[in-house]
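Below: the structure, in C-alpha cells.
Scope of the values below: all heavy atoms of this structure, side chains included, with no hydrogens, waters or symmetry mates. Computed from a predicted structure; not experimentally measured.
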Amino acid sequence: MDLRRPRSLRTRLLCAFLLPLAVVLAVVGVAATAAVRGELLGQVDDRLAAAVARSTQADDTQADDTQADDTQADDTQADDTQADDTQADDDPGDGLGWGGTGPGFLLTPGQGDGTLGARVVDGVVTEAAVIGKEGDGEALTAAEAAALAGVPADGEPRTVDLGPLGAYRVVATGDAGEVAGEVLVTGLPLASVRAALLRLVVVEVAAGLLGLLAAGVVGSAVIGRTLRPLHRVAATAGRVAQLPLSSGEVRLPDRVPAADTDPRTEVGRVGAALNRLLDSVESGIAARQASETRLRRFAADASHELRTPVTSIRGYTELVRRRGGLPEQVDASLRRVEAEAVRMSGLVDDLLLLARLDAGAGAGAGRELARDDVDLTGLVLDVVSDAHAAGPGHRWRVDLPPGAVLVPGDAARLHQVLANLLANVRTHTPPGTTATTRLRTEGTDAVLEVADDGPGVPEGLQAGVFERFARGDSSRSRAAGSTGLGLAIVAAVVEGHGGTVSVASRPGTTVFTVRLPGATVAELDDDEEPAPARA
C-alpha cells in the first residue's frame, strides 16, 4: 500500500478523527491498567504483611519451645521420654503432615494455598517450600530457591519470578533468633493479579476496538453527509467541464443549487464562487459567440460582395486582351492582373464556403449538405485523373478495393475534399513526387488516404495544418499560388459529414487520412473487373 498516494478528503477527515480517539483510548487503557495493578498489588502487599507477621510469630514461638525442651532434658534424665513426647507434640515440623518439608512457620493457621516460606542462613537457602492445593508442602527446586537467596532483608515487598511457579510477591525479614544471619522469606503468588490484569486488558482492547468501529461507522456517515454538498458542487463542475466550449453557441444551464451556496459554510462559499465563475464564463462565451457570428457574417457578406467586382475585373481584362494590338508590356501586365483576379476569385469562393459551413448553412449556396449515396471509388478515379492532367510532373497512383465503396454525403463537396488533398501534394512537393490515393473500408467507415513521398510537413506545423491560412515552410515547393484554405475546407467538409481527418508526416512519407461513417460496399458484376492501380 502506497502511503504517499493522495487520499480523499473523507478518508483524511476520518483518519484525523479516529487516530486521536485511538490514542486517547490507549492512554486511558494504560492508565486504568496501571491503577488497577497498583490497587491489586496493594491488596497483595496487605495480605503479605499479615502472612509475614504470622510467620515471624510462629518462628519465635518455635524457637522458645525448642529452648524449653532442651533445658528440661538437662535437668532430669528420667524425663527424657516425656520431654521427647512433649517435643514431638510441640514441634511443628513433626506435625505438618508433609514429612517435615519446608520451614515450620508455614504451619501457622491462616496461611493460604500458594503461600511460600523459606529460611536463608548466610545467603544460603536451608529450607524452602510452598503450600500446595492439598495443604502439603511442595519443596522448591534449586533454581527457584536460588532466586530467593538474593532478596534483601529490608522488609520491603518485591516481585520475584520463580519460573514454573510464576511471579511471587515476597518479603524478607531478619530473625532475632539464636542463629545469626538468619532470614525468613515469605511470599504470596501473583497469578490471580496477573489473570485479573489480563482479563482487564482483553476487555479494554475489545471495548476499544468496538468503540473505534462504532466511531468509524458514525464518523463516516456524518462526514459523508457533511461532504455531500461538496460532491454536488463537484458534479456541477464536472458537467460543465464536459460541454464543448471551444466553438459554437454554448449555454451553461448548470449552477450549484442555492442550498449549497450558504456563505456561512466553507462548502457554501465554494459553491457561490463556482456560480460566479460560471456566470463569468458564460458571459465570455456569449461575447465570443457574438464576435464569431459578426465575423462570419462579415466574411460571408464580404466574400459575396467581392465576387462581382473580381468577376468584372477578370471579364474586362480578358476582353481587352482579346482585342489585341496591345504592346507586349501592357499585354504581360494584363495577363498578370487576370491571373491575380483568378486567384482572388478562388480565395473569395473558399471564404464564402467556410463562412457558410461555419454558419451551419451547408456546403452549398444556401442549401444543406446533400445526403446522397456517393461512389467513392468512381470519385477517386475522376479526381486522380484530373490531378494527372493538372500535374503531369508528378506520378499519380491509385489503390482501390474490388467493390464500389458508397457513403452518404454530398458528392460535390467530397470531390472537393479529395481535389484539395491532391492539389496540396501538387503544390507543396517537387516534380517527380509519387502520390498514392488509397481507398478501403474498416467496419462501417470508409478510409481514404492520400500519401506522398515528398519532403513532408514540418513537425511544428502538423498540429495546425488544418487551420485557416496555414502555410508550409520554404522547403515545400510553391510552384503555384495557394490561399492557405484548402486543408481548412477539407476539415470543415469532413466534419460536416461526421468524419475525421488527420495527418502523419515525416521526411519521405506524408499521409492524409479521411474517415467517413456509414460506408457500404457494392460488389461488382461478374463481367466487371476491378479498377487497376495506375500511374
Item to check | Pairs satisfying salt bridge (charged side-chain N to carboxylate O under 4.0 Å, His left out), at least one member in residues 490-519, at least two apart | outcome: Glu442-Arg515

Show the nearest heavy-atom pair for residues [X] and [Y], with the distance to one decimal.
{"X": "Leu379", "Y": "Ala411", "result": "CD1-O, 3.8 Å"}
{"X": "Ala446", "Y": "Val407", "result": "CB-CG1, 3.6 Å"}
{"X": "Val417", "Y": "Val490", "result": "O-CG2, 3.7 Å"}
{"X": "Ala167", "Y": "Thr159", "result": "CB-CG2, 4.3 Å"}
{"X": "Gly403", "Y": "Val521", "result": "CA-CG1, 4.2 Å"}
{"X": "Val425", "Y": "Ala435", "result": "CG1-CB, 3.8 Å"}

Less than 4.5 Å apart, any side-chain heavy atom of [X] and any of [Y]?
{"X": "Val193", "Y": "Val44", "value": "yes"}
{"X": "Val447", "Y": "Leu439", "value": "no"}
{"X": "Gln416", "Y": "Asp410", "value": "no"}
{"X": "Leu448", "Y": "Leu516", "value": "no"}
{"X": "Val450", "Y": "Val511", "value": "no"}
{"X": "Leu418", "Y": "Leu414", "value": "no"}
{"X": "Pro430", "Y": "Pro455", "value": "yes"}

Checklist entry - Are a donor atom and an acceptor atom from the side chains of Thr429 and His394 found within less than 3.5 Å of each other? => result yes

Checklist entry - Is a side-chain donor-acceptor pair under 3.5 Å present for Thr436 with Arg397? => result no

Next on the checklist: The test is side-chain contact (heavy atoms from CB on, under 4.5 Å); show your working for His415 and Asp386 and say whether it passes.
Outcome noted: CA-CA 11 Å; His415 184 283; Asp386 296 341; 4.0 Å; yes

Checklist entry - How would you list, by chain and number, every residue that makes a side chain to side chain contact (heavy atoms under 4.5 Å, CB included) with Val222, sequence neighbours excluded? => result Val218, Thr226

Checklist outcome for this item: Residues passing the side chain to side chain contact (heavy atoms under 4.5 Å, CB included) test with Ala390, sequence neighbours excluded, are Arg426

Not counting sequence neighbours, which residues clear side chain to side chain donor-acceptor pair (under 3.5 Å) with [X]? List them please.
{"X": "Asp279", "answer": "Arg255"}
{"X": "Thr11", "answer": "Ser8"}
{"X": "Thr33", "answer": "Glu204"}
{"X": "Thr236", "answer": "Arg239"}

Could you tell me the separation between the [atom1] atom of [X] and the [atom2] atom of [Y], rounded to the nearest 0.5 Å?
{"X": "Asn424", "Y": "Phe512", "atom1": "CG", "atom2": "CZ", "answer": "5.0 Å"}
{"X": "Leu406", "Y": "Asp372", "atom1": "CG", "atom2": "CG", "answer": "11.5 Å"}
{"X": "Thr513", "Y": "Leu421", "atom1": "OG1", "atom2": "CG", "answer": "9.5 Å"}
{"X": "Leu41", "Y": "Glu39", "atom1": "CG", "atom2": "CD", "answer": "10.0 Å"}
{"X": "Asn420", "Y": "Arg413", "atom1": "CG", "atom2": "CZ", "answer": "10.0 Å"}
{"X": "Leu422", "Y": "Ser385", "atom1": "CG", "atom2": "OG", "answer": "11.0 Å"}

Next on the checklist: Using only atom types and a distance under 3.5 Å, with no angle test, would you say the side chain of Ser505 pairs donor to acceptor with the backbone of Thr510?
Outcome noted: no

Next on the checklist: Determine whether a donor-acceptor pair (N or O, by modelled atom type, separation under 3.5 Å) exists between the side chain of Asn275 and the backbone of Val256.
Outcome noted: yes

Please list, chain by chain and in numerical order, all residues satisfying salt bridge (charged side-chain N to carboxylate O under 4.0 Å, His left out) with [X], sequence neighbours excluded.
{"X": "Glu449", "answer": "Arg438, Arg440"}
{"X": "Arg264", "answer": "Asp262"}
{"X": "Arg232", "answer": "Asp260"}
{"X": "Asp373", "answer": "none"}

Item to check | Summary of side-chain hydrogen bond (donor to acceptor under 3.5 Å, both in side chains) pairs that have at least one residue in residues 211-221, sequence neighbours excluded | outcome: Arg10-Ser220

Checklist entry - Given Leu40 and Leu197, is the side-chain contact (heavy atoms from CB on, under 4.5 Å) satisfied, shown in steps? => result CA-CA 9 Å; Leu40 293 178; Leu197 291 177; 4.3 Å; yes

Checklist entry - side-chain contact (heavy atoms from CB on, under 4.5 Å) between Thr433 and Arg395: does it pass, once the steps are laid out? => result CA-CA 6 Å; Thr433 300; Arg395 292 189 293 271; over 6 Å; no

